[in-house]
Amino acid sequence: MNNPLPFRIRVAVPVPIHEYFDYEVSAQQYADIQAGMRVTVPFGRQTCVAIVIEKVALDVPPSTQFKLKKIIQILDEQPLIDPHILQLLTWSAQYYMYPLGEVIQSALPTRLRQGHHYDCVTTQWQLTPLAHEENTLKQLKRSEKQRLAVEYIQTHPHGVLETELNLHGISTATLKALEKKQLVQQNEVQIDFSRKPVGLAEKQLTANTEQLQALEQIVPTLQNYAGYLLDGITGSGKTEVYLQVMWQVLKQNKQVLVLVPEIGLTPQTIARFRARFDCHIALLHSGLNDTKRLHAWQQAQTGQAGIILGTRSALYTPIPDLGLIILDEEHDLSFKQQEGFRYHARDVALYRGYLAKCPVILGSATPSIDSFALAKQGKLKHIMLNQRAGHARMPKMQILDLKIAPKQHGLSLILIEKIKATLQQGQQVLVFLNRRGYAPVLMCESCAWQANCPRCDAHFTLHTQPYQHLHCHHCGLIQTLPKQCPACQHPTLKPIGLGTVKIEEGLKELFPEHDVLRVDKDSTRHVGSLEKIYAQIHAEKPLILLGTQMLAKGHHFPHVSLVAILDIDAGLLSVDFRAPERTAQLITQVAGRAGRGDYHGEVILQTLRPEHPILHTLLEHGYRTFAEQTLKERETACLPPYRYSILIRSDAKNEQHNLAFLSQNAKLLTDNAQQSVDVWGPIPAPMQRKAGKYHAHMLLLASSRVQLHHYVKHWWQYVRATAPSDIRLSIDVDPQEFG
DNA sequence: AGCACGCCGACT
DNA sequence: GTCGGCGTGCTC
């Protein structure tokens with residue numbers, strides 16, 4: 001009597017559980033199903049969308065522990081997730097010790113994860129017959145945007161894709177407005193699966209000797225995996241190298257994935273690619289709505305898009321003919337996800353390139369110490385670009401000791417003189433201060449009481465715009481200003497320290513005849529305001545540009561010849577072992593904004609710690625020497641990248657509970673792992689109390705990655721399972737920040 | 001994560 | 001007497 005075993009599939013369910021789940025399917029379903037398809041399954045008391053990981057081999061007996069349920073239905077005819085991506089996702093889940101179901105979840109566009117059908121339709125727009133009548137277009141005189149939109153659509157009588165219009169800076173809102181006026185109409189069209197041959201929109205620029213050498217190294221390896229660190233000083237033309245390698249790849253009808261930092265995906269970036277290549281670009285960033293994200297994803301998956309341009313989350317986009325991955329500004333922290341599934345797009349990108357057998361180029365003017373180390377080990381090929389394009393020379397840097405310098409409005413008099421001289425020469429000045437708001441502290445003049453956030457271990461920041469208020473930058477709490485000191489009733493509360501708004505006030509007073517443009521999260525909150533500011537900067541007119549790190553990222557300011565860095569002391573004093581690296585990158589990046597045109601730029605650095613060794617290394621020898629030294633120091637101190645690390649974070653309402661729980665489990669780990677894993681801590685987090693919770697963490701270090709991951713994986717499973725419910729835990733493999 | 005079951009305070 | 005607070009336990 002043979003009682004055949006049931007047909008089963010193994011699926012990942014979008015819940016925070018590390019295990020896979022098995023379901024019964026019919027013989028027909030078993031034949032039809034492939035890994036990467038979506039199925040709906042009964043799960044507990046709900047039904048949910050799950051991803052098929054594998055078919056269970058027919059001779060494996062089912063576990064008697066569970067009663068096997070049947071799936072409800074198969075949602076896809078073809079695998080939604082191709083084998084490469086599925087492997088990339090399972091590897092990521094393993095490596096970052098995060099449940100696969102949730103990892104897949106975060107990689108899928110919302111609509112697909114909700115179980116919607118995979119329709120390959122997208123929206124296109126065309127003019128209505130009404131729009132062709134002569135006088136109807138005259139009513140658009142008052143709207144520049146709508147007129148431009150109509151003019152563009154006019155050149156495509158058969159309709160033009162909404163995504164393409166968006167890439168041209170024509171927003172969906174504008175199109176909707178025109179639709180209301182019955183001048184344009186939308187219709188749904190099938191995504192065109194065929195990729196058209198890619199053309200060059202603009203003539204290729206010629207490469208200089210260094211760029212040519214870089215190309216000669218990269219281009220012959222296009223058919224295979226290779227990791228490159230393109231280490232080029234600001235202005236050395238990394239982008240030109242990217243573009244020329246991209247052309248070689250696109251020409252072969254392959255696709256290119258370009259990853260940029262969160263803040264780097266601006267209209268200018270897109271325009272640069274559009275200007276060079278005549279091909280479809282799929283844009284993937286956090287600001288997209290569900291439908292647009294799905295469309296971009298499908299354009300990548302069907303092969304319609306030649307270039308896939310996006311931020312961190314675009315890494316898991318399916319790209320059937322992937323021929324090249326570029327990750328620009330590879331040192332940027334936004335490539336590491338800072339919550340939940342804490343993956344590092346840089347590291348996963350290297351693995352993706354390996355799976356897809358294509359090169360991966362990591363580019364930066366200030367490479368991360370980790371990438372430097374990989375280059376030293378030969379795991380990345382180090383390509384250096386040292387010449388600035390055109391006539392530009394590196395700016396000269398100078399340190400100003402704030403302890404002895406006489407100052408006014410937080411600016412030393414020497415700096416004020418230099419600003420004056422620069423403006424008089426008709427050039428622009430960039431003032432960098434990494435602190436928004438008016439002042440970081442509000443203090444009572446009489447008793448030294450300070451306005452602190454009741455929920456965090458932090459000062460309130462005083463804001464004066466759009467109205468006076470206290471704002472906690474850590475938990476977001478907003479309060480009104482007390483009329484007098486709550487402790488001693490003294491009427492005068494004094495702002496202490498400098499924020500961008502206060503400096504703006506000072507600069508306007510000192511240079512009333514010049515424009516002062518402030519660029520920070522507060523001044524650029526409204527859409528389009530940043531574009532307006534950039535337009536002013538590109539007009540060749542003397543002005544002062546003032547802002548936070550937003551200014552340090554990517555943008556070119558051709559008319560800036562003086563850069564003032566007001567306060568980076570916090571970065572010099574931090575206990576985080578990566579703080580020097582980040583500070584050095586920030587200084588170098590900000591300094592790189594100067595002297596890009598034909599002027600010889602100058603950089604002034606105001607500090608209370610003029611003797612700090614980081615500053616001297618940077619000034620006298622530059623970033624690369626700093627990186628070399630830092631590497632040596634890390635080696636001596638047995639820190640990453642010479643050891644591998646995992647950070648365990650926990651928070652709870654009760655401080656003692658939290659620390660006791662971590663200590664107890666730390667002992668468990670050291671008992672088990674013997675000498676191979678080193679535990680630092682647990683210690684209270686740098687900001688212990690945040691939003692009313694107590695935060696603590698401990699760092700696990702080992703010289704062998706395999707051993708570290710082995711021990712921690714088992715330990716973590718156990719800790720998670722046994723943790724009391726008042727303690728929230730998270731794991732961070734290869735942590736970058738200790739906040 | 002959901003969603004249930006389950007045991008203790010203020011209400012028609 | 002109930003309605004409902006959210007503590008803990010499970011999901012093939």
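The figures that follow rest on heavy atoms only: side chains count, while hydrogens, waters and symmetry mates do not. Residue numbers begin at 1 in each chain, while the letters A, B, ... track the order of the sequences.
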(request) Using the salt bridge (Lys or Arg N to Asp or Glu O under 4.0 Å) rule, collect all pairs that involve residues 13-36 of chain A, keeping only residues at least two apart or in two chains. (result) A:Arg10-A:Asp22
Restricting both atoms to N or O, compile the protein contacts to nucleotides 7-12 of chain C shorter than 3.5 Å, with distance only.
| unit_1 | atom_1 | unit_2 | atom_2 | d |
| --- | --- | --- | --- | --- |
| C:dT8 | OP2 | A:Ser725 | OG | 3.0 |
| C:dT11 | O3' | A:Gly44 | N | 3.0 |
| C:dC12 | OP1 | A:Tyr23 | OH | 3.1 |
| C:dC12 | OP1 | A:Pro42 | O | 3.2 |
| C:dC12 | OP2 | A:Lys69 | NZ | 2.4 |
| C:dC12 | O3' | A:Asp22 | O | 2.7 |
| C:dC12 | O3' | A:Lys69 | N | 2.9 |
| C:dC12 | O2 | A:Asp22 | N | 3.0 |

(message) Going by ring-ring contact (aromatic ring centres under 6.0 Å, His included), name the residues that satisfy it together with A:Tyr23, two or more places apart in sequence or in a different chain.
(response) none
(message) Check the orientation of A:Tyr354 and A:Tyr351. Use parallel for under 30°, tilted for 30 to 60°, and perpendicular for over 60°.
(response) parallel
(request) Mind checking the OH-OG spacing from A:Tyr343 to A:Ser313? Nearest 0.5 Å is all I need. (result) 5.5 Å
(message) side chain to side chain donor-acceptor pair (under 3.5 Å) for A:Thr172 and A:Lys292? Distances and angles first, verdict last.
(response) CA-CA 10 Å; A:Thr172 306; A:Lys292 286 188 180 177; 2.6 Å; yes
